[in-house]
Amino acid sequence: MRPITATQNIVDPSLGQAVSINITNTNNRRISLISYYNPPSNYVNEDLFRLWSDNTIIIGDLNCPNKEIGCNRTTSPGRNLVDILNKYKFEILNTGSKTGRSPINDSEELLVLVIASRDLVPLYLNTETYIEDLISEHYFVVSRFNFNLTSDHSIKTYYDYNRADWSYFESLTDTEFNSIHSSLLCLTPSINSLDNNKNGKNNYNHTQLKDIRAF
């Protein structure tokens, strides 16, 4: 059986503070493992996710908090990150776990993210966090994968309902309901006609039909 091997891969500096290695598993599958740091208040580089959209694991402090992924708060960079994850079909594997202490208020927070492309999500086993007395606000984070497995996976999509255009939604539903109402009113004369003829030539009992009152 071919052993798992790893080789260094240089990430373009323009993509941010990232380093990478390539792992080749026993099935000759090449997997990119990227360690990525994104400074506070910065937006993540979308090209990093676009260029490594398959067979990729990204781990690091992206400084993009968003309640949709289990953080204590939501910022503009956090909303942007969720948009990118949905666009390029990545999934956060340690959603909601506490991986450090926030430098803002010293509360436990999801700082270090473990992100994988959709095709690698089935290989994920678990993430463990070790709290140590360190100068850094980050905890030790260990994620385990079985790189010899293969499977399909339906990507998880993150939704932020606070960003929905509810006024537009209301206008669409009002238009649709009005259309249904008008259609039902058009049926009323025909139903009245059936109701008036209920004592016609047929010998079976007729059910009393009423005018339709919509809404």
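One distance of note links CG of L62 with CG of L111; it measures 10.5 Å at 0.5 Å rounding. Note that CD1 of I58 and CZ of F90 are 4.5 Å apart. Values are rounded to the nearest 0.5 Å. Note that CG of N22 and CG of L33 are 9.5 Å apart. Values are rounded to the nearest 0.5 Å. With values rounded to the nearest 0.5 angstrom, W52 atom CH2 is found 6.5 Å from S20 atom OG. Rounded to the nearest 0.5 angstrom, L85 CG and R118 CZ are separated by 13.5 Å. Considering CD1 of I34 and CD1 of I57, their distance stands at 10.0 Å, rounded to 0.5 Å.
Closest of all the heavy-atom pairs between G70 and E109 is O-OE1, 4.4 Å. Nearest heavy atoms, P65 versus C71: CA-SG, 3.6 Å. The two residues I69 and V82 come nearest to each other via the heavy atoms CG2-CG2, 4.0 Å. Nearest heavy-atom pair, N45 versus D47, reported as atom, atom and distance to 0.1 Å: OD1-N, 2.9 Å. Considering all non-hydrogen atoms of both residues, L123 and R29 come closest at CD1-NH1, 4.0 Å.
Using a distance-only test at 3.5 Å, with no hydrogens or angles considered, a donor-acceptor pair links the side chain of S117 to the main chain of N55. Looking only at distances, no side-chain donor or acceptor of S53 sits under 3.5 Å from a matching main-chain atom of F49. For the pair T74 (side chain) and K67 (backbone), a donor-acceptor distance under 3.5 Å is present. Side-chain N or O atoms of N38 include one that pairs as donor or acceptor with a backbone N or O of N42 at under 3.5 Å. Between the side chain of N94 and the main chain of T127, no donor-acceptor pair closer than 3.5 Å is present. Of the possible polar contacts, one joining the T99 side chain to the V112 backbone as a donor-acceptor pair under 3.5 Å is found.
Counting heavy atoms from C-beta outward, L48 and Y36 have side chains that approach closer than 4.5 Å. When side chains are defined from C-beta on, R144 counts as touching E128, because their heavy atoms get closer than 4.5 Å. You'll find the side chain of V121 reaches within 4.5 Å of the side chain of L93, heavy atoms only. Residues N66 and T75 are not in side-chain contact: their nearest non-hydrogen atoms beyond the backbone lie 4.5 Å or more apart. Counting heavy atoms from C-beta outward, K98 and T129 have side chains that stay 4.5 Å or more apart.
For the side chain to side chain contact (heavy atoms under 4.5 Å, CB included) test with I59, the passing option among V141, I115, L113, V114 is V114; the others fail.
Scored by the side-chain contact (heavy atoms from CB on, under 4.5 Å) test, S76 finds Y43, R79 as partners (sequence neighbours excluded).
I21 and Y124 fall within a single hydrophobic cluster, where Ile, Leu, Val, Met, Phe, Trp and Tyr are joined by side-chain heavy atoms under 4.5 Å apart, directly or via other members.
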Output, in order, the C-alpha distance, side-chain angles, deciding distance and verdict of side chain to side chain contact (heavy atoms under 4.5 Å, CB included) for C64 and V44.
CA-CA 8 Å; C64 295; V44 295; 3.6 Å; yes

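For the residue pair Y88 / E46, a side-chain donor-acceptor distance below 3.5 Å is found, with atom types taken as modelled.
Using a cutoff of 4.0 Å between basic side-chain nitrogens and carboxylate oxygens, R30 and D54 are not scored as salt-bridged.
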